[in-house]
Colleague: 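Starting off with a structure, shown below.
What you are looking at is a predicted structure, and each value in this text was computed from that prediction instead of being measured.
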Amino acid sequence: MADIIGYIYALSVAIGGIVGFVTKGSVMSGAMGLLFGCLSGFAAYRSSLDSRNCGLSFLVSSLITVLMGTRFIQTGKFMPAGLVAVISLFMVLRYGYRIIFQSGKQKH
């Protein structure tokens, strides 16, 4: 079953990086957004093949949560860092749940 939520998350991370580049001229935002968006997309693809295979998704979303959460704490601005941190935290919880509760289930 396709990891639609994972693909939407990956696309939103990539688009967010592009928007940061276009609006603020931040090359780092563009590059990191595309990098993490592509990594998240690849991880969603792997998770789509086997729902138990979500370790990379968990790792990438955890890293984004920490990075954007730190940026939110430093700047105090909810947009965009706080929003991305909250969405990424949701993904961490989602994949963490899968890791904990689906690790023993057989592939169908």
Side-chain angles (χ1 to χ4, degrees):
M1 184 169 169
D3 186 5
I4 301 297
I5 295 173
Y7 286 124
I8 292 169
Y9 173 71
L11 186 61
S12 66
V13 169
I15 289 173
I18 293 168
V19 168
F21 172 72
V22 170
T23 59
K24 303 287 184 182
S26 174
V27 175
M28 187 62 74
S29 288
M32 292 297 106
L34 287 175
L35 174 69
F36 283 110
C38 288
L39 276 172
S40 294
F42 176 68
Y45 170 73
R46 289 176 41 130
S47 180
S48 294
L49 296 177
D50 182 358
S51 64
R52 296 173 297 157
N53 193 8
C54 58
L56 181 60
S57 299
F58 180 80
L59 181 67
V60 172
S61 57
S62 296
L63 185 58
I64 295 172
T65 301
V66 170
L67 292 173
M68 297 308 275
T70 302
R71 182 164 295 156
F72 169 67
I73 290 169
Q74 290 173 347
T75 64
K77 296 180 181 178
F78 184 72
M79 286 299 290
L83 179 63
V84 174
V86 169
I87 294 170
S88 296
L89 180 60
F90 166 74
M91 296 303 287
V92 168
L93 295 173
R94 179 176 181 261
Y95 289 121
Y97 178 86
R98 274 190 182 178
I99 290 168
I100 292 168
F101 293 107
Q102 291 186 356
S103 61
K105 292 185 180 178
Q106 296 295 322
K107 184 178 177 182
H108 297 284

Colleague: Do you reckon Val86 sits in the same ILVMFWY cluster as Met79, going by side-chain contacts under 4.5 Å, direct or chained?
Modeller: yes
Colleague: Cut-off 3.5 Å, side chains only: do Arg94 and Ser61 have a donor facing an acceptor?
Modeller: no
Colleague: Would you say Thr65's side chain and Leu89's backbone share a donor-acceptor pair under 3.5 angstrom?
Modeller: yes
Colleague: Hey, any chance Leu83 and Met91 share a hydrophobic cluster, counting ILVMFWY side chains that come within less than 4.5 Å of each other, even indirectly?
Modeller: yes
Colleague: Would you please test Arg46 and Asp3 for side-chain contact (heavy atoms from CB on, under 4.5 Å) and show each step?
Modeller: CA-CA 9 Å; Arg46 289 176 41 130; Asp3 186 5; over 6 Å; no
Colleague: Flag yes if Leu63 and Val92 sit in one hydrophobic cluster, no otherwise; membership is Ile, Leu, Val, Met, Phe, Trp, Tyr, and two members link when side-chain heavy atoms are under 4.5 Å apart.
Modeller: yes
Colleague: Report the residues that fulfil ring pair (Phe, Tyr, Trp, His ring centres under 6.0 Å) with Phe42, sequence neighbours left out, ordered by chain and then residue number.
Modeller: none
Colleague: Please report the shortest heavy-atom distance between Ser57 and Ala44, naming the atom on each side.
Modeller: OG-N, 4.0 Å
Colleague: Minimum heavy-atom separation for Gln102 to Arg52, with atom names?
Modeller: O-CG, 3.4 Å
Colleague: Of all residues at least two apart in sequence or in a different chain, which pass the side-chain contact (heavy atoms from CB on, under 4.5 Å) check with Ile73?
Modeller: none
Colleague: Locate the shortest heavy-atom distance separating Gly41 from Tyr7; write the atom from each residue and the value.
Modeller: O-CE2, 3.7 Å
Colleague: Establish whether Leu56 and Leu11 are linked, either directly or via other cluster members, by ILVMFWY side-chain heavy-atom contacts under 4.5 Å.
Modeller: no
Colleague: Between Ile64 and Ser88, what is the shortest heavy-atom contact and its length?
Modeller: CG2-OG, 3.1 Å
Colleague: Taking side chain to side chain contact (heavy atoms under 4.5 Å, CB included) as the criterion, tell me which of Ile18, Leu39, Ile15 meets it with Leu34.
Modeller: Ile18
Colleague: Could you check whether any side-chain N or O of Thr70 sits under 3.5 Å from a backbone N or O of Val66, counting only pairs where one atom can act as donor and the other as acceptor?
Modeller: yes
Colleague: About how many Å separate CD1 of Ile87 and CD1 of Ile5, when rounded to the nearest 0.5 Å?
Modeller: 12.0 Å
Colleague: So, taking the atom named SG in Cys54 and the one named CG in Leu59, what distance separates them when rounded to the nearest 0.5 Å?
Modeller: 11.5 Å
Colleague: Please, which pairs that meet ring-ring contact (aromatic ring centres under 6.0 Å, His included) have at least one residue in residues 55-98, sequence neighbours excluded?
Modeller: Tyr97-Phe101
Colleague: Take Met68 and Val13, measure what side-chain contact (heavy atoms from CB on, under 4.5 Å) needs, and give me the verdict at the end.
Modeller: CA-CA 11 Å; Met68 297 308 275; Val13 169; over 6 Å; no
